[in-house]
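Below is one structure, written out as C-alpha cells; the observations come after it.
The sequence lines fix the lettering, A, B, ..., with proteins before strands; numbering per chain opens at 1.
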Amino acid sequence: MFAAVEQRDKVSLRGKPVVVGGVAGRGVVATASYEARAFGVHSAMPMARARRLAPLNTAFLSPRFAAYKRTSEVVMRLLSEVSPLVEQVSIDEAYVDLAVTGNDLSVPGVIELARRLKAEIAVVTGGVTGSIGAASSKLLAKIGSDLNKPDGLTVIPPGEELAFLHPLPVSRLGGVGPATEQRLHRSGVRSVGDLAGVSLDLLVDWFGTAHGTGLFRLARAQDDRPVVSDREAKSVSAEETFEVDVTDPVRLKRELDLLAARVVGRLRSGGLAGRTVNIKVRHGDFTTVTRAVTRDHPTDDGRLVAQLARRLLAEVDTSGGIRLLGVGVSTLADFAQDDLFTAARAEQQGDLFTAARAADVEGFAPDAELVTEPPETGADSPAPVVESPPGPAEVTGPAVVAGPAVVAGPVVWRPGQDVRHEELGAGWVQGSGLGRVTVRFEGPRRPSGPVRTFAVDDPGLRPADPPDWTVP
DNA sequence: TCTGGGGTCCTAGGACCC
DNA sequence: TCTGGGGTCCTAGGACCC
C-alpha cells in the first residue's frame with residue numbers, strides 16, 4: 001500500500017521498482033512495489049540487501065506516513081458506509097461484517113457489492129486498488145483477500161470452506177509464522193489438510209493450549225471470532241535503533257528521555273495514562289532484554305516515566321554498547337475511570353483523603369486552609385507548580401506527595417486525617433534542599449474543589465534513590 | 001544479507017493471598 | 001512434621017502481525 005501511494009503521487013514512479021522503508025544504514029524494507037518484488041525484494045528485508053538486488057532505476061523512499069494515513073482514512077470511511085461494524089486491523093486492512101446490515105449475502109450479491117466497493121476505493125484514493133476476500137469467517141476472508149493481490153476479489157461460498165482451505169500451505173493460516181511452520185514441517189505437516197489430520201492432544205503438546213486448540217480449529221475452518229470495532233489500546237511504546245551501537249551513558253539517558261516524551265505525548269493525546277513502564281534494550285548481538293515496573297496508580301507524567309525508565313536501564317548492562325532502546329507504557333487506564341477505582345478502593349480502606357481527592361468531592365474539607373490559588377480545572381490548563389518555603393515542608397492541594405521521592409516523616413492532613421504513605425498516589429515531588437518541596441499537579445483532571453492543605457512534618461522529604469533526586 | 005517500529009497475545013514462574 | 005488448592009498480579013521472553 002505504501003508503494004502504491006507513492007506511485008499514485010509521483011507519475012515518474014509508475015511502472016518502476018519502488019522500495020519504501022528505512023533508507024539509512026540499519027533500515028529494512030517496509031514495502032516493495034510489484035516491480036521491485038520481481039527482483040526478490042520483499043518486506044522486512046534489510047535495506048542493504050534490497051539495494052544489491054534491485055536494479056539501478058529503483059526508487060528508495062522513506063515512508064510518508066501522513067499520506068498513507070489520509071489514504072487509509074478515506075477508504076475506512078467508505079467501509080463504514082457499507083456496514084457499521086468495521087474492525088480496522090492496520091493502516092491498510094479491515095474486516096467488515098456484512099451480516100449486521102440488510103446486505104444481499106448470496107454469492108452473486110456479495111460479488112456485486114465487492115465489485116462496487118473496489119471501484120469506489122479506486123475513485124476515492126485516486127487510483128489505489130484494494131483486494132477483497134469475502135467468506136463466512138475472518139480466517140477465510142483474510143486468506144481470500146491475500147489471493148490475487150493487488151487488485152483481487154475472492155469469494156469463498158458457504159459449504160466450500162474446507163475444499164478451499166485444505167490444499168493451502170499451513171503458513172497461510174493467521175498465527176502460523178516461521179517458528180510454527182518449522183515445527184509443523186518437522187512432523188511432515190505441510191498443508192492445512194495435513195494439519196487437520198493431527199490430533200488435538202498432539203497440537204497442544206507442540207504449541208501449548210491456546211495456540212494448539214487455535215490451530216486445531218482453524219484447520220477445520222472453525223472460526224467464530226467476531227468483528228470488533230473500536231478496540232482499546234493496551235500499550236503505547238516508542239523505540240529506536242541507532243545507526244551505530246551506543247555506549248555513552250549520557251547519550252543513552254538523553255535518548256531515553258526523548259523516547260519517554262514521545263510515548264507520553266501519544267498517551268496524552270489519547271487521554272490515557274499507564275501503571276507500567278517498560279524498557280527494551282537490544283544488544284549488538286541482537287539479544288534483547290526487557291525490564292518493567294508497575295506502580296499503584298497510572299501516570300502520564302513524562303518526567304516520571306523517564307525517571308522510572310532510567311532506573312530500569314540501570315539494571316541492564318550497557319557497557320558493550322546497545323543497538324536499540326525502547327520505552328513503553330502499559331496497563332493503561334483513562335484518568336477518570338482510574339480515579340473512580342482509586343476512590344472506591346480508598347474508601348474501602350477508610351482513606352477518606354484519597355477517596356475525596358480521587359472523586360473530586362467538593363466541600364470535603366471545610367476547614368482546609370487555602371495557601372494558593374486553586375489550580376485550574378481542565379485538561380488543557382498547564383500544571384500548576386507550588387513551591388513550599390524552606391523548613392518543614394508544606395504541600396498544597398489535593399495532589400499528594402509521591403513519585404520517586406519517599407516521604408520520611410508522618411504526613412498529616414491538617415484537619416486531623418492521617419494519611420498513610422503508600423496511599424499517596426498522584427503528584428510529583430521535586431526538590432534539591434532539605435525540606436524544600438515542589439508539588440506539581442499531575443494528569444488531566446485538575447482539582448475542582450477548594451484547595452486543601454496538609455503538612456509534611458519532620459524531617460521533610462528524603463529521596464528514594466539518590467542519583468535520581470536532583471531533577472533539573 | 002544482517003536483521004524497523006508499532007502493536008497483540010500467550011506462557012511460565014514466583015510472590016502473595018485466602 | 002510435612003506441606004493443598006485456587007486465584008490474582010507481576011515480570012520476562014517469545015511468536016506473530018502489518
Inset, instruction - Please list residues of residues 173-183 of chain A whose heavy atoms come under 4.0 Å from any atom in DNA chain C, ordered by number; otherwise none. - result: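 Contacting residues: A:Leu173, A:Gly174, A:Gly175, A:Val176, A:Gly177, A:Pro178, A:Ala179, A:Thr180.
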Inset, instruction - Specify the residues of residues 69-97 of chain A, ordered by number, for which at least one heavy atom lies under 4.0 angstrom from an atom of DNA chain C. - result: A:Ser90, A:Asp92, A:Glu93
Inset, instruction - Examine distances only and state if a side-chain atom of A:Thr276 and a backbone atom of A:Thr294 form a donor-acceptor pair shorter than 3.5 Å. - result: no
Classify the nucleic acid contact of [X] as base, sugar-phosphate or nothing, counting any heavy atom under 4.0 Å across all strands shown.
{"X": "A:Ala30", "answer": "nothing"}
{"X": "A:Lys142", "answer": "sugar-phosphate"}
{"X": "A:Val293", "answer": "sugar-phosphate"}
{"X": "A:Arg266", "answer": "sugar-phosphate"}
{"X": "A:Ala238", "answer": "sugar-phosphate"}

Inset, instruction - Report the relative orientation of the aromatic rings in A:Tyr68 and A:Phe2; use parallel for angles under 30°, tilted for 30 to 60°, perpendicular for over 60°. - result: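 Answer is parallel, since the angle falls under 30°.
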Legend entry - Bounds of contact between DNA chain B and chain A, in 5' to 3' order, using a heavy-atom cut-off under 4.0 Å: B:dT1 to B:dT11
Inset, instruction - Check each of A:Arg303, A:Arg262, A:Arg310 against A:Asp257 using the side-chain hydrogen bond (donor to acceptor under 3.5 Å, both in side chains) test, and report the only one that passes. - result: A:Arg310
Legend entry - Residues from residues 184-215 of chain A lying under 4.0 Å of DNA chain B - heavy atoms: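 Of all residues in residues 184-215 of chain A, the ones placing a heavy atom under 4.0 Å from DNA chain B are A:Thr209, A:Ala210.
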Inset, instruction - With a 4.0 Å heavy-atom cut-off, tell me which residues in residues 319-326 of chain A come close to DNA chain B, sorted by residue number. - result: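 A:Arg323, A:Leu324 - these, ordered by number, are the residues of the stretch whose heavy atoms sit under 4.0 Å from the strand.
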Inset, instruction - Give DNA chain B the dot-bracket treatment, 5' to 3': Watson-Crick (N1-N3 with N6-O4 or O6-N4) or G-U (N1-O2, O6-N3) under 3.5 Å, [ ] crossing, | other strand. - result: ....||||||||||||||
Inset, instruction - Please report the shortest heavy-atom distance between A:Gly40 and A:Met45, naming the atom on each side. - result: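 That closest heavy-atom pairing would be O-CE, 3.1 Å.
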